[in-house]
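Just so it is clear, the model here is predicted, and its values are computed rather than measured. As the structure lists them, so they are numbered: ligands from 1, and atoms in each ligand from 1.
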Amino acid sequence: MLKIAVFASGRGSNFQSIIDKIKSGDIPAEAKLLISDRQDAGALKRAEHENIENLFIDPVHFETKADYEEELIGILENAGIELVVLAGYMRILSPIFVKHFQNKIINIHPSLLPAFKGLNAQKQAVDYGVKYSGCTVHFVDQGMDTGPIIKQAVVEVKDDDTADDLAARILKEEHKIYPEAVKLIAEERIKVKGRKVKILKEEK
Ligand code: GAR
């Protein structure tokens with residue numbers, strides 16, 4: 001079973017959607033660890049409730065980003081983590097961290113990448129006036145929100161949408177495609193070639 005660690009900075013609803021599918025036997029993986037950079041993250045409470053080891057690691061306690069990430073790498077290695085799932089983790093990982101776990105880190109972003117990278121993607125979409133937005137699950141590479149795309153879902157933007165309206169509609173889709181992407185990886189049904197991700201058919 002694929003051993004996964006989830007990094008989350010906030011409420012953790014994507015984390016929850018993945019562990020629910022693991023618990024129901026849909027995803028052949030084990031959620032071993034939840035790591036947060038924020039003490040008040042709802043994700044920590046969810047992990048506690050699910051009996052999943054959870055750690056608040058305060059970046060402020062480290063002199064440099066490299067020291068902070070070295071600590072993370074040590075924890076992940078000790079736990080034998082095979083996939084790092086970023087679920088609302090609001091920090092950019094350094095190239096050293098990314099290289100260490102090449103093609104073993106995935107992220108969900110609330111837009112149809114490559115549009116609206118970075119913070120407040122849903123507000124960016126509303127402000128720009130696009131008619132459709134959505135969400136993207138992708139491997140993490142050394143850029144920001146630039147890695148090979150695993151899955152996307154499209155969501156309509158309504159005329160009177162606020163950023164919060166759109167975020168809520170997108171979140172529903174996030175909760176579908178993120179567990180699906182983790183399942184594909186756990187079932188070893190993903191091949192990455194350059195920027196392209198090929199999904200292999202399910203064995204019958
Ligand atoms: C989600 O909408 C996720 O796509 C977004 O943060 C939210 C976390 O919600 N991530 C980013 O914007 C990353 N750049 P959650 O804590 O309920 O899973």
Exercise: do His100 and Glu69 side chains pair donor with acceptor under 3.5 Å | no

Is there any ring pair (Phe, Tyr, Trp, His ring centres under 6.0 Å) pair reaching into residues 132-165, and which pairs are they, with sequence neighbours excluded?
-> none

For each nitrogen or oxygen atom of ligand 1, which protein N/O atoms lie closer than 3.5 Å, and how far apart are they, rounded to 0.1 Å?
{"residue": "ligand 1", "atom": "2 (O)", "partner": "Glu174", "partner atom": "OE1", "Å": "3.2"}
{"residue": "ligand 1", "atom": "2 (O)", "partner": "Glu174", "partner atom": "OE2", "Å": "2.9"}
{"residue": "ligand 1", "atom": "4 (O)", "partner": "Glu174", "partner atom": "OE1", "Å": "2.8"}
{"residue": "ligand 1", "atom": "4 (O)", "partner": "Glu174", "partner atom": "OE2", "Å": "3.2"}
{"residue": "ligand 1", "atom": "9 (O)", "partner": "Arg11", "partner atom": "NH2", "Å": "3.2"}
{"residue": "ligand 1", "atom": "14 (N)", "partner": "His109", "partner atom": "ND1", "Å": "3.4"}
{"residue": "ligand 1", "atom": "16 (O)", "partner": "Arg11", "partner atom": "N", "Å": "3.4"}
{"residue": "ligand 1", "atom": "16 (O)", "partner": "Gly12", "partner atom": "N", "Å": "2.8"}
{"residue": "ligand 1", "atom": "17 (O)", "partner": "Arg11", "partner atom": "NE", "Å": "2.5"}
{"residue": "ligand 1", "atom": "17 (O)", "partner": "Arg11", "partner atom": "NH2", "Å": "3.4"}
{"residue": "ligand 1", "atom": "17 (O)", "partner": "Ser13", "partner atom": "N", "Å": "2.8"}
{"residue": "ligand 1", "atom": "17 (O)", "partner": "Ser13", "partner atom": "OG", "Å": "2.6"}
{"residue": "ligand 1", "atom": "18 (O)", "partner": "Ser13", "partner atom": "N", "Å": "3.4"}
{"residue": "ligand 1", "atom": "18 (O)", "partner": "Asn14", "partner atom": "N", "Å": "2.9"}
{"residue": "ligand 1", "atom": "18 (O)", "partner": "Asn14", "partner atom": "ND2", "Å": "3.0"}

Only pairs at least two apart or in different chains count here, so list each ring pair (Phe, Tyr, Trp, His ring centres under 6.0 Å) that has a residue in residues 20-69.
-> Phe62-Tyr68

Look up atom OG in Ser133 and atom CD in Gln152, then write down how far apart they are to the nearest 0.5 Å.
-> 10.0 Å

What donor-acceptor contacts under 3.5 angstrom involve side-chain atoms of residues 153-160, with partners at least two apart or in another chain?
none

Show the numbers, then the answer: is there a salt bridge (charged side-chain N to carboxylate O under 4.0 Å, His left out) between Lys176 and Glu180?
-> CA-CA 6 Å; Lys176 290 181 200 156; Glu180 284 169 7; over 6 Å; no

